[in-house]
Enquirer: 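The following block contains the structure, expressed as structure tokens.
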Amino acid sequence: MAAFDLQFVWFGLVSGSLIALGALGLTLIFGILDFINIAYGEYMALGAFVAFGLNDQLGLPVAVSGALAVLAVGPLAVTLDKAVFQHFRDRSAIVLLVVSIGLSFILRNLIRIVWGSGSKRFDVPIEEAPTYFGVQILGDQVAIVGLSLLVLGGVFVLLQRTDIGIAMRAASDDADLARIRGVDTERLVLYVWLVGGVVAGIAGVMLGLDGQLRPTMGFLALIPIFAAVILGGIGDPVGAVVGGYVIGLLQELSVVVIPAEYKPLVGLVVLVVGLLTRPDGLFGEATR
Amino acid sequence: MAYATLLVTVGIIAAIYALLAIGLNIHWGDTGLLNFAHAGFFAVGAYTTTILTTPAGSGLLAERAVGFDLPVVVGVVAATVLAGAVGVVIALTSVRLEGDYLAMVTLSGAEMIRLVITNESWLTSGAQGINGIPRPASGAFPLEAGGVVVGYDLFYLGLTLAILGATFLLFRRLSTSPFGRVLHAIREDEDVPRALGKRTPMFKLKSFGLGAGIAGLAGALWAHFFFAINPTMFLPSLTFSVWAAVIIGGAGSYVGAIAGTVFLVGIRQVTRFLPSNIPLSSEIPFVRLIVIGAALIVVLYYRPQGLFGDRERMAAGQSMEGE
């Protein structure tokens, strides 16, 4: 346990940004395709490792390799849908969940074969964090918070202002109604995977920037991300982002009252309490 | 000779995994509950018996303050009961939830168990793990009877197979009993048994407790055979592997649960018999997990009811089509 410190708030904002990013991509996919994609964690890990490959093994700058990796994960998510999930479209959510477990086995072990199972770091200088107002703030962390705000803003513009975004929100609310109104849902699904995959890639690169890269990094990040998605109400992007920041802040601030080793419990407790008290999410407009 | 020894060990692993699969089959196959906490129940069983049957303070780095040095039988029974109780407690928070929400809560529950085991070193020695776990009746082996020498591993294989056989018969019986028929009704459509006056949450809790208890028994058998346990043995990937075994074997069928386990353990262990100088030999552990993942997807596509599942029964969510 520790005394309250503004530092925890900053850490909470950093973790919250990471969780919010992951949750935003996942909730878009969950809202339209209506199943829990366990392999989403591996999409994030792939983003991080592709960026690592370009950065450390080819010597490209972190920003360039991160951007290229992100652009690779979007089409990859679409390809995996074409290769795997599309064939199970008419099955139940639970079959799709189990299929995604199989896919996650495949992807995670491909990562291990290509990059090994040890932990890796991006080739960025390790520097002492400068202190502002008594809070240590790393350049990487500023980049994480700033970039995630930018991405979150970008996705909201996409959802609110573009035809495809509006169609996504409509289909997430009620797929049948959207289809009756002339939304081409199969084409929409492709865009959802593309956007969801890109966001997963960004979340993965950020996650790698924040700490180390491991083949299991994506899977381990999933639990607070799911908690944020469910807290926000499935398919609700605003709820997912708010949920992400709530969980991130609670997790880091929890060290004031519980031992730091049990930080990960916060996500679980929020998940259970949230499910039992607010099954429709924070704003009560969930799709189910 | 070396191969024979290895085969006996593989047999013991398969029998223990088959117990895990039987426990999961009553959850998912019979009752339709998405339990993703199986590795957690397995861990509770392994740690319960270990703490009860070893003396305190046997760690190298972490000082463990609790240990009871009791007989193995006490440990194994307590492991089964406590794992069942933990299963009921996790289920209490979440039986009201829809299918895939339950999956998330149970998955997080198992991670919570692992977190506690890793951090409470006064009880579990933490990440360092516990070794020196006693083997039951180890003094009596190797036993020489009529010119045939029975080694300890062979005895343990017999023991686990006997327990597996008894569990198999019990659970298959349970599945066709009136109790089991209510579970099947819950799986198909919970409203129907409820309309008939069955208290379905109670049935779900019992199903959860029974399956978790068997996972705890499997954990105890694991700990007493392998001498040593540590938290990394109980990762979520273990839960997913057992799921793969149940789905490939055929959800709802206990023969299938065992067949799926044999397939799974076969893929995981058979590669140990390959020579180590072939190309990519260091990547074999990863390749076989890829094979298991691919097998899972292929089976769900071509044979959704699994190898031994009955198409009429719910085969991995078939009857939930159009939901």
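Scope of the values below: all heavy atoms of this structure, side chains included, with no hydrogens, waters or symmetry mates.
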Enquirer: Calculate, to the nearest 0.5 Å, the distance between atoms CZ and CD1 belonging to B/F286 and A/I111 respectively.
Expert: 11.5 Å
Enquirer: Given side chains that start at C-beta, do those of B/P304 and A/V95 come closer than 4.5 Å, heavy atoms only?
Expert: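 Sidechains of A/V95 and B/P304: no contact.
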Enquirer: Could you look at B/A244 and say if it's the side chain, the backbone, both or neither that has a heavy atom under 4.5 Å from chain A?
Expert: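 Neither part.
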Enquirer: If you draw a 6.0 Å radius around CZ in B/R199, do more than 12 non-hydrogen atoms from other residues or ligands fall strictly inside?
Expert: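 Not more than 12 within 6.0 Å, no.
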Enquirer: Provide the closest heavy-atom pair for A/L268 versus B/G109 in the form atom of the first, atom of the second, distance.
Expert: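 That closest heavy-atom pairing would be CD1-N, 3.9 Å.
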Enquirer: At a 4.5 Å cut-off on heavy atoms, which part of A/F219 comes close to chain B: side chain, backbone, both, or neither?
Expert: side chain
Enquirer: Counting only non-hydrogen atoms closer than 4.5 Å, does B/A295 touch chain A with its backbone (N, CA, C, O), its side chain (CB onward), both, or neither?
Expert: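 Contact with chain A: none, neither part.
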Enquirer: Could you look at A/S117 and say if it's the side chain, the backbone, both or neither that has a heavy atom under 4.5 Å from chain B?
Expert: side chain
Enquirer: Give, for atom OG of B/S241 and atom CZ of A/F105, the distance between the pair rounded to the nearest 0.5 Å.
Expert: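 B/S241 OG to A/F105 CZ: 4.0 Å, rounded to 0.5 Å.
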Enquirer: Looking only at heavy atoms, what is the nearest atom pair of B/L300 and A/R91, with distance?
Expert: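 So the minimum-distance heavy-atom pair works out to O-NH1, 2.9 Å.
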Enquirer: Relative to chain B, which segment of A/L110 carries a heavy atom at a distance below 4.5 Å: side chain, backbone, both, or neither?
Expert: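 Both backbone and side chain.
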Enquirer: Specify the closest pair of heavy atoms between A/I113 and B/I290, including all atoms of both residues, with the distance to one decimal.
Expert: CD1-CD1, 3.9 Å
Enquirer: Enter the distance from A/I101:CD1 to B/I292:CD1 here, rounded to the nearest 0.5 Å.
Expert: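 These two atoms lie 13.0 Å from each other.
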Enquirer: As an exercise, state the distance from CD1 of A/I225 to CE of B/M104, rounded to the nearest 0.5 Å.
Expert: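 One finds 10.5 Å between CD1 of A/I225 and CE of B/M104.
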Enquirer: How close do A/V98 and B/L296 get, counting heavy atoms only, and between which atoms?
Expert: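 Smallest heavy-atom distance, with atoms named: O-CD2, 3.7 Å.
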Enquirer: What part of A/L97 gets within 4.5 angstrom of chain B, counting heavy atoms only: side chain, backbone, both, or neither?
Expert: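 The side chain, not the backbone.
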Enquirer: How far apart are the closest heavy atoms of A/F88 and B/I297, and which atoms are they?
Expert: CZ-O, 3.6 Å
Enquirer: Looking at CD1 of A/I223 and CG of B/L107, how far apart are the two atoms once the value is rounded to the nearest 0.5 Å?
Expert: 4.5 Å
Enquirer: Flag the one option from B/V105, B/L34, B/L115 with the top tally of heavy-atom pairs under 4.5 Å to chain A.
Expert: B/L115
Enquirer: If you round to the nearest 0.5 Å, how far is CD of A/E261 from OG1 of B/T118?
Expert: 10.5 Å
Enquirer: Please report the closest heavy-atom contact between B/R114 and A/L220, naming both atoms and the distance.
Expert: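 Closest approach of B/R114 to A/L220: NH2-CD2, 4.5 Å.
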Enquirer: Does any heavy atom of chain A fall under 4.5 Å from the side chain of B/V299, the backbone, both, or neither of them?
Expert: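 Neither part; nothing is under 4.5 Å.
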Enquirer: Any side-chain heavy atom of A/I234 within less than 4.5 Å of one from B/Y101?
Expert: yes
